[in-house]
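Model, not experiment: these values are computed from the prediction. Just so you know, these numbers use all the heavy atoms, side chains as well, and skip hydrogens, waters and symmetry mates. Whatever order the structure lists them in is the order used to number ligands and atoms, beginning at 1.
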Amino acid sequence: MSLRLGALKRAEEKISSDVLILGGGPAAFGAALYSARYRLNAVVVAESIGGQLNNAGEIENYLGFERIQASELVGRFKKHVESYGVKVLQDRVIEVKREGEGFIATTRRGTKIDAKAVIVAIGLKRRVLGVPGEREFVGRGVSYCSICDAAFFKDAEAVAVVGGGDSAMEGASLLSNFAKKVYLIHRRGEFRAQPILVEEVKSKGNVEIVLDTVVTEIMGTKSVEGIKVRNLKTGEERELRVSGVFIEIGFEPDTQFIKSLGLETDDYGFIKVHGYMETNVKGMFAAGDITDLWRGFRQVVTSVAQGAVAAHGAYRYIEGMKLKKTPGSTGQS
Ligand code: NAP
């Protein structure tokens, strides 16, 4: 019995694949599906299955689904790719090295995965305000996910939402159904969110929009009791009594990991891609929010599409490798 278990453990420690896909969001699943359709042996490694979809509630803009819960969509993505035999591992790749013409990756759990091509679809990491009290009160009034935590603020006197993008709008709208009052605090005079979402917020009777203003401190004893804000135009400072602060200020690239892969980025740290989602590293492709393509317009559909194109790029690359090895071939396809 123990011998068999030992053998099983060893078998899991080394995986051979054609395409290794880093990430667990729509781009990763799009890449996995199309890799499998090209009959490539694909492995997905993600710390969080679903990526940013885990912070979303209902999706209303994915073609074919008038309304679907994000969690259900993630479940469908996973089931779909697994039906093709794609392995989905919940783990984190900590290192990818060149080995011969391919790559060898190591995960946090110690699994080694070799691959002919790699698709980087790691998404972005959450931005933080970096003000006093923020870290201290995480989970005690400070939240980065309105959809996950809004219900905890049922009948709260007041809460604040920080940000001016789609997430902040959706958060403010949702919270207005739970808390008696919502302050929507944005650092500029204009919102970058989709107009339809801004209109919805403005139609709510209990949302006060506070523009040109930043949060300078989150205050409290055991949990959040208020925030200090400063108007950037007038310099005026004031305190707002709130029991919740929802920080919805977007996401940024994990520049350290990207650098470790040797990938070229734009000035903001997004991976530069061209053609079929190729990067500057031969055999490495990128897809989704982490790329410099269509920055400022991030949707499930755009990520899935980029993933599919990256898989096509990986397929072409792997076919090219095979041709190069064929005697008499120039390797050009
Ligand atoms: P985002 O679009 O990047 O917006 C972030 C907002 O936070 C911006 O208004 C930004 O201000 C503000 N901000 C950034 N850093 C800040 C700081 N240090 N202090 C104060 N404010 C700060 O992020 P998001 O709203 O999370 O959306 C992310 C992506 O997901 C977007 O592409 C969005 O379209 C997409 N999304 C789509 C939907 C949907 O389609 N229903 C829903 C949610 C998200 P500035 O405007 O001044 O830069």
Contact summary for Phe77 and Val304, nearest pair of heavy atoms: CZ-CG2, 4.3 Å
Given His186, which partner from the list Val210, Leu211, Ile209 fulfils the side chain to side chain contact (heavy atoms under 4.5 Å, CB included) test? Leu211
Looking at Arg92, is its backbone amide N or carbonyl O close enough to the side chain of Thr107 to form a donor-acceptor pair, meaning the two atoms are under 3.5 Å apart? no
Side chain of Thr291, backbone of Ala287: donor and acceptor closer than 3.5 Å? no
Quick note, disulfide (SG to SG under 2.5 Å) partners involving residues 100-193, not counting sequence neighbours, are Cys145-Cys148
Measure the CE-CZ distance between Met219 and Arg241 for me, rounded to the nearest 0.5 Å. 7.0 Å
With a 4.0 angstrom cut-off on heavy atoms, strictly below it, pick out the residues next to ligand 1 and order them by chain and number. Asn61, Arg127, Leu129, Gly163, Gly164, Gly165, Asp166, Ser167, Glu170, His186, Arg187, Arg188, Arg192, Gln194, Ile249, Gly250, Phe251, Arg298, Gln299
